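The structure appears right after this line, and notes come after that.
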Amino acid sequence: MGRSQSDPPKSNDQTAISSKRKREDEAHRRDLDSKRKKLLVTRRQLPIWTHQKAIRAAVRDHDVLVLSGETGSGKSTQVPQFLLDMFRSSKIAVTQPRRVAAISLARRVADEVGTPCGSSSPASTVGYSVRFDQSTSPSTRIKFLTEGMLLQEMLRDPKMSQYNCIIVDEVHERSINVDLLLGFLKQLLAERRRGRNPLKVVVMSATADVETISNFFSKSAPQTNGHSTPVPGTDTEDNTAEASSAASWQGIADDEAGAPNDEVNASNDTKSSVNICHVEGRQHPVKTTYLPQPTEDVIDTALQRIFKIHCGEPMPGDVLVFMTGQETIQNLQKLLEELAENLTRDFPKLLVLPLFAALSQTAQQRIFEPAPPNTRKVILSTNIAETSVTVPGVRYVVDTGKAKIKKFRNQIGLDSLLVKPISQSSADQRKGRAGRESAGQCYRLYTEEGFMSFDRDNTPEILRCDLSEALLKMKARGVDDVLNFPFLTPPPREALEKALMQLLQLGALNEDGKISKIGLPVARLPLTPSLGRVIVEAATLDCLLEVIDIVACLSVENIFLNVDTEDARGKAQEARQQLFRRQGDHLTLLAAVQAYASETSDRRRWCDDHLISHRAMKGAMDVRKQLRAQCKQAKLLPEKAEVETENGPPYEAVSDNILKAFVRGFMNNIARLCPDGSYKTFIGNQTVAIHPSSVLFGRKVEAIMYNEFVYTSKAYARGVSAVQLRWLEEVIG
DNA sequence: GAGCACTGC
């Protein structure tokens, strides 16, 4: 980064500044290097370290490496580094299901490599890319990204030409994005093998069930694009300078994976050569205890177990209790706190902390604070502690064996969210949370027979959700025959057909099943096809800025905080009342965004005064900014649309059009009022109740349109507005 | 007068 000799002569001051700068740079480099050397000591102790040569050889000699390794093996941080010098001229992508993981892994790996992270320096070789936060440099060689981000990149660069290696991590979680990604990669491997720029894929999973994935890649799949002709493949080129012998691989290679390799490249080009590697994890032992008899009352059993641990087990050692939801957590918290009052002084104190996603950031932060002296923490948590949040100091896990699980019923377009038994792998994941720092214990509040009756693995999301978004992404990638797409787990044909029907109805597909002029921008928007369609419709109805504001709110958690105490009502409730619009939730959200955006002095305080979540509002503003930018790119919004909605004409003038735009995207979600006072869906004649969180709750209007149809204790409509039935004809016509 | 687990673009 030194100056070239052609630079103009510098003044003394400039010379002084530039030499100071040089000294600082030098110091910074030394800093990074000493950090790197220190970390190298720890890296060498990781279980995966001894597999380095084998992993490099496997990637060199095969198209796909399937790597299984339990927590603590070091695979997420080490594998990208092992492969770095094999791909000199291009990038390695590493996908993660969650943003925090992508960012923290990038920071860690940057330290280990000895490079600044992300965009902090043009020389940085390790970066990350997640929604709203991209941190890369021209020199980035390892890029951590969320699965959704890589899918988004794939829509813009179908060949993924900037990457020679794609590492897909945490595949065992089986998010719909990971399934989609694996299908696309299977197709892409075949395409890229024919070119000069072959692609390597590494699939990493925490469970030993690597066979399914291995078979998936090594078996041929029907071609999805008719124009491609099978070309005899060449063996993958040896693009590493290292002459590492494949012999060291033999000990680890699985015979079953090695066997089909010989024929792979010769016959059908959707087959890839696959190798399997297993790396042991590093966890402390956890002792498991089951109930002798099933329990009638899990809450009561949990209560007793927590007190037995607290009074019988030595300090320190916090307790993590896995429960189903906010309500049960708060109930148990109350019971525990009452009983803890009566504890004699012989026992340590008890600090009960709830943990669920809807909790404010500061309340969640409390689990990381050290407990006061002579106090044991009991954390009552939802599934959030299973994957997303690591609770420190836990030595005891209490597992109720249940979770709330969402499932989409495509026959009626209804989501159910019900308490169900978890899977065995989920139970083991929960148990593992007791052994992160030292040996621990896990109390399962079910019998061993109960455990044996659990499903082996979580049901992949692709079998549980609305497929319209996934199918539209496929169509946008040119996958015409979605019924024959290489799915790792093929969804039922009925579910695929239903989603195709939905896309046709939205006008996102042409009659021939190919993506339409409307479908293309919809596919690129970070929204469901329905909401994307609403955006496109709003552009023609001249209310796009307003609709973007509403859609932004619908894309984040509920902006209205729950009021559970009488005290919290009163003034604040009254202030919020000013935002309520009689037409329903959509215009109420718009009023809230406009009021928030026009508040220039203290937005946090404005939120507090109105019982509105500041976190959600900030999120909505991020989405709004992104949607506006993307709408400009898609020419839905004029380039110079700098008109702030809050300064524009009153939205009353366009309020009907706003709701009509929503009706276009949610034509199946219309219900009309019946003489008995209930609402029945226009299609299917199902009874729906307006959710208590809606401003229309308890109101009677001619007809309602809603964004979500969720079954919990009964079938509820959420995100509801009053509409006129004649709009339906108008919108369709 | 009743209540949504968790991610992600």
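Because the structure is predicted, anything quoted here is derived from the model rather than measured. Residue numbers start from 1 in every chain, and the chains themselves are labelled A, B, ... in the order their sequence lines are given, proteins ahead of strands.
Taking every side-chain heavy atom of A/Met149 into account, B/dC9 is the closest of B/dG8, B/dG3, B/dC9. Taking every side-chain heavy atom of A/Ala357 into account, B/dC6 is the closest of B/dC6, B/dC9, B/dC4. Of the candidate nucleotides B/dC9, B/dA2, B/dC4, B/dC9 has the atom lying nearest to any side-chain atom of A/Pro526. Side-chain atoms of A/Thr382 lie closest to B/dA5 of the nucleotides B/dA5, B/dG3, B/dG8. Comparing B/dG8, B/dA2, B/dC4 by their closest approach to the side chain of A/Val710 singles out B/dC4. Of the candidates B/dA2, B/dC6, B/dG8, B/dG8 carries the atom nearest the A/Arg99 side chain, counting heavy atoms from C-beta on. Picking from B/dT7, B/dC9, B/dC4 the nucleotide with the shortest atom distance to the side chain of A/Lys404 gives B/dC4. Nearest to the side chain of A/Gln152, among B/dC4, B/dA5, B/dC9, sits B/dC9. Among the nucleotides B/dA5, B/dT7, B/dC9, the one closest to the side chain of A/Ile384 is B/dT7.
Under the 4.0 Å criterion applied to side-chain N and carboxylate O atoms, A/Arg99 and A/Asp133 are not assigned as salt-bridge partners. In this structure, A/Arg98 does not pair ionically with A/Glu170, as no charged nitrogen and carboxylate oxygen lie closer than 4.0 Å. Between A/Asp549 and A/Arg624 there is a salt bridge, with a side-chain nitrogen of the basic residue lying less than 4.0 Å from a carboxylate oxygen of the acidic one. Between A/Asp428 and A/Arg444 there is a salt bridge, since a side-chain N of the basic residue sits under 4.0 Å from a carboxylate O of the acidic one. We find that A/Glu461 and A/Lys407 are not joined by a salt bridge, their nearest charged nitrogen and carboxylate oxygen being 4.0 Å or further apart.
Among the heavy atoms of the strands lying under 4.0 Å from A/Arg131 is at least one base atom, whether or not backbone atoms are also near. Using a 4.0 Å heavy-atom criterion, one finds that A/Glu469 contacts the bases of the nucleic acid, with or without backbone contacts as well. A/Thr712 comes within 4.0 angstrom of the backbone, heavy atoms only, and of no base. Looking at heavy-atom distances under 4.0 Å, A/Ile176 makes no contact with the nucleic acid at all. When heavy atoms are screened at a 4.0 angstrom cut-off, A/Ser388 is found touching the sugar-phosphate backbone but no base atom. Contact annotation for A/Gln630: no contact, since no heavy-atom pair falls under 4.0 Å across all strands. Within the 4.0 angstrom heavy-atom criterion, only backbone atoms of the sugar-phosphate kind lie near A/Tyr716; the bases stay farther away.
A close approach under 4.0 Å does occur between a side-chain nitrogen or oxygen of A/Gln326 and OP1 or OP2 of B/dA5. A/Thr387 has no side-chain polar atom (N or O) that falls below the 4.0 Å cut-off from OP1 or OP2 of B/dC6. In this structure, A/His691 reaches the B/dC4 phosphate: one of its side-chain N or O atoms is under 4.0 Å from OP1 or OP2.
For B/dC4, the base has a donor-acceptor partner in the side chain of A/Glu708 [N/O atoms by modelled type, under 3.5 angstrom]. Side-chain to base pairing of A/Arg718 with B/dC4: one donor and one acceptor N or O lie within less than 3.5 Å of each other.
Here B/dC4 presents its P atom at 12 Å from CZ of A/Phe697, a figure rounded to the nearest Å. For the pair A/Leu180 CG and B/dT7 P, the interatomic distance rounds to 21 Å; values are reported in whole Å. Look at NZ on A/Lys714: it is 9 Å from C1' on B/dG1, rounded to the nearest Å. Atom CG of A/Leu561 is separated from atom C1' of B/dG3 by 15 Å (rounded to the nearest Å). Rounded to a whole Å, the CD1 atom of A/Ile103 is 9 Å from the P atom of B/dC9. Per the geometry, CZ belonging to A/Arg98 stands 10 Å off C1' belonging to B/dG8, to the nearest Å. Going from atom CD of A/Gln633 over to atom P of B/dC9 covers 17 Å, rounded to whole Å. Taking atom CG of A/Leu359 as the reference point, atom P of B/dA5 lies 12 Å away to the nearest angstrom.
Only one option out of A/Met154, A/Glu147, A/Lys473 pairs with A/Leu180 in a side-chain contact (heavy atoms from CB on, under 4.5 Å); it is A/Lys473.
Using cut-offs of 30° and 60° for the angle between ring planes, the A/Phe184 and A/Phe485 rings count as perpendicular.
Heavy-atom nearest nucleotides on DNA chain B were determined for A/Ser713 and for A/Val130, and the one closer to the 5' end corresponds to A/Ser713.
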